[in-house]
Protein chains: 2
Amino acid sequence: MIRMIRYDQKYGTKKILKTMVTKSDITKRQEQLLEELNKYEDELSGQELHRQLIESGKLMGLSTVYRNLQILIKQGLIRSRHLPTGEVLYTPVDRDFHHLTCVQCGETSKMEGCPIKDIHTPKENTRKFQLLFHQLEYFGLCQNCYQAQN
Amino acid sequence: MIRMIRYDQKYGTKKILKTMVTKSDITKRQEQLLEELNKYEDELSGQELHRQLIESGKLMGLSTVYRNLQILIKQGLIRSRHLPTGEVLYTPVDRDFHHLTCVQCGETSKMEGCPIKDIHTPKENTRKFQLLFHQLEYFGLCQNCYQAQN
DNA sequence: CATCAAAATGAAAATGAAAATCATTTCTGT
DNA sequence: ACAGAAATGATTTTCATTTTCATTTTGATG
Ligand SMILES: [Mn+2]
Ligand SMILES: [Mn+2]
Ligand SMILES: [Zn+2]
Ligand SMILES: [Zn+2]
């Protein structure tokens, strides 16, 4: 939060001329969420995060967790991805990794490195977009499941 | 389904020696699902697909729709992606496009062309994987929402 | 410090897509 | 035709997420 304040010589008072909310404007709750997400190497679901917060003594209602996760996404501070099961996982936006997932058994392995790290994202598409993050996931059959299929 | 059949001269009977189930082994239901998905340029959710099938006179229970969509995915014939809302959209696997999605209003625009079309997917990761499809989505703020935020 | 309005919170209820159940139907090989 | 196996679908269940709304917190102002 940035405030532009004018001092009134006549009355010796101060007046807020303008209030600018910047991207770095994080509430206490949001800070707690971010802090908790950073504590774990893995992504966390909303439910897991809620549980962990309580264990850490940071009491917080479930609605508040979900509400503020959405805000953090819109602020470009975290990103989310859906598991095939429907759960949504959250992670700080600066962690750039992706996964291989078996469509049969759900086994997931993290890929180190991002294949599109230095790929040009088509300009004609992104011109109008304030890009926040990307999601890239590969799906297929793990060795076990591939063999079992025959 | 491929059958190897031996004719027994002695008894005048036929015997199935071996049955090979191949990838192209599609049941009638699965064929109907694939056919219906191909009818629409856009991806369809399970619910939408179910509705469309009924309208097309291809009566089918909802369970059967979901069951066979999963099988089609495992066979490498269709792929799926989750909307931020949680709905899952299905589309034939050979359609290679991706989306930009606004994290604020949900507006989605299709990107023509695939940025990773000819990118090498890290070998050390995919060696053990029978790759079926990939998912790539960009998230950010559309022009409207970006401006409205300030 | 007191006041008041606006914003945030959270307990509880509602939502809804997807999964599970299970009685019934269809298929398949002999 | 017969018997076991597989598939189907009406229905119920699940459960992560959203919505509701009464209460609490915040923050500007005098
Ligand atoms: Mn990446
Ligand atoms: Mn692609
Ligand atoms: Zn597997
Ligand atoms: Zn938008």
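Computed from heavy atoms alone, side chains included, the values below leave out hydrogens, waters and symmetry copies. Chain identifiers are assigned alphabetically (A, B, ...) following the order of the sequence lines, protein sequences preceding nucleic acid strands; residue numbering begins at 1 within each chain.
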Just do the side-chain contact (heavy atoms from CB on, under 4.5 Å) check on A:L49 and A:L37 with the steps written out, would you?
CA-CA 7 Å; A:L49 184 51; A:L37 281 175; 4.1 Å; yes
N/O-N/O pairs, protein side and nucleotides 14-17 of chain D side, under 3.5 Å:
{"unit_1": "D:dT17", "atom_1": "OP1", "unit_2": "A:V88", "atom_2": "N", "d": "3.1"}
{"unit_1": "D:dT17", "atom_1": "OP2", "unit_2": "A:Y66", "atom_2": "OH", "d": "2.2"}
{"unit_1": "D:dT17", "atom_1": "O5'", "unit_2": "A:Y66", "atom_2": "OH", "d": "3.4"}

Protein-nucleotide distance (B:N68, atom CG; C:dT26, atom C1'), rounded to Å
14 Å
When rounded to whole Å, the CG to C1' distance for the pair A:D25 and D:dT26 reads 14 Å
Set out, line by line, the N/O atom pairs under 3.5 Å between protein and nucleotides 20-23 of chain C.
{"unit_1": "C:dA20", "atom_1": "N6", "unit_2": "B:S63", "atom_2": "OG", "d": "3.3"}

Would the A:H134 and A:H98 ring centres measure less than 6.0 Å apart?
yes
Does any non-hydrogen side-chain atom of A:Q135 lie less than 4.5 Å from one of B:L136?
no
Nearest whole Å is fine: how far is C:dG10 P from A:R51 CZ?
18 Å
Quick one: does B:F139's side chain get under 4.5 Å of B:C102's, heavy atoms only?
no
Here's a test for you: under side-chain contact (heavy atoms from CB on, under 4.5 Å), which of A:I71, A:L33, A:L77 qualifies with A:I26?
A:L77
Return the value, rounded to whole Å, for the distance between atom CZ of A:R29 and atom C1' of C:dT9.
7 Å
Between C:dT25 atom C1' and B:K28 atom NZ, what is the distance in whole Å?
13 Å
Euclidean distance, atom CG of residue B:L53 to atom P of D:dG9 [Å, nearest integer]
11 Å
Separation of atom CE in B:M60 from atom C1' in D:dG9, rounded to whole Å
11 Å
Min side-chain heavy-atom separation A:S45-A:Y90 under 4.5 Å:
no
Return yes if a side-chain donor-acceptor contact under 3.5 Å exists between B:Q52 and B:Y40, otherwise no.
yes
If hydrophobic residues (ILVMFWY) are linked whenever their side-chain heavy atoms come closer than 4.5 Å, directly or via other members, who joins A:L83 in its cluster?
A:L89
Distance alone, cut at 3.5 Å: any donor-acceptor contact between the side chains of A:K128 and B:S109?
no
CD1 of B:I54 versus C1' of D:dT8: gap in Å, rounded?
14 Å
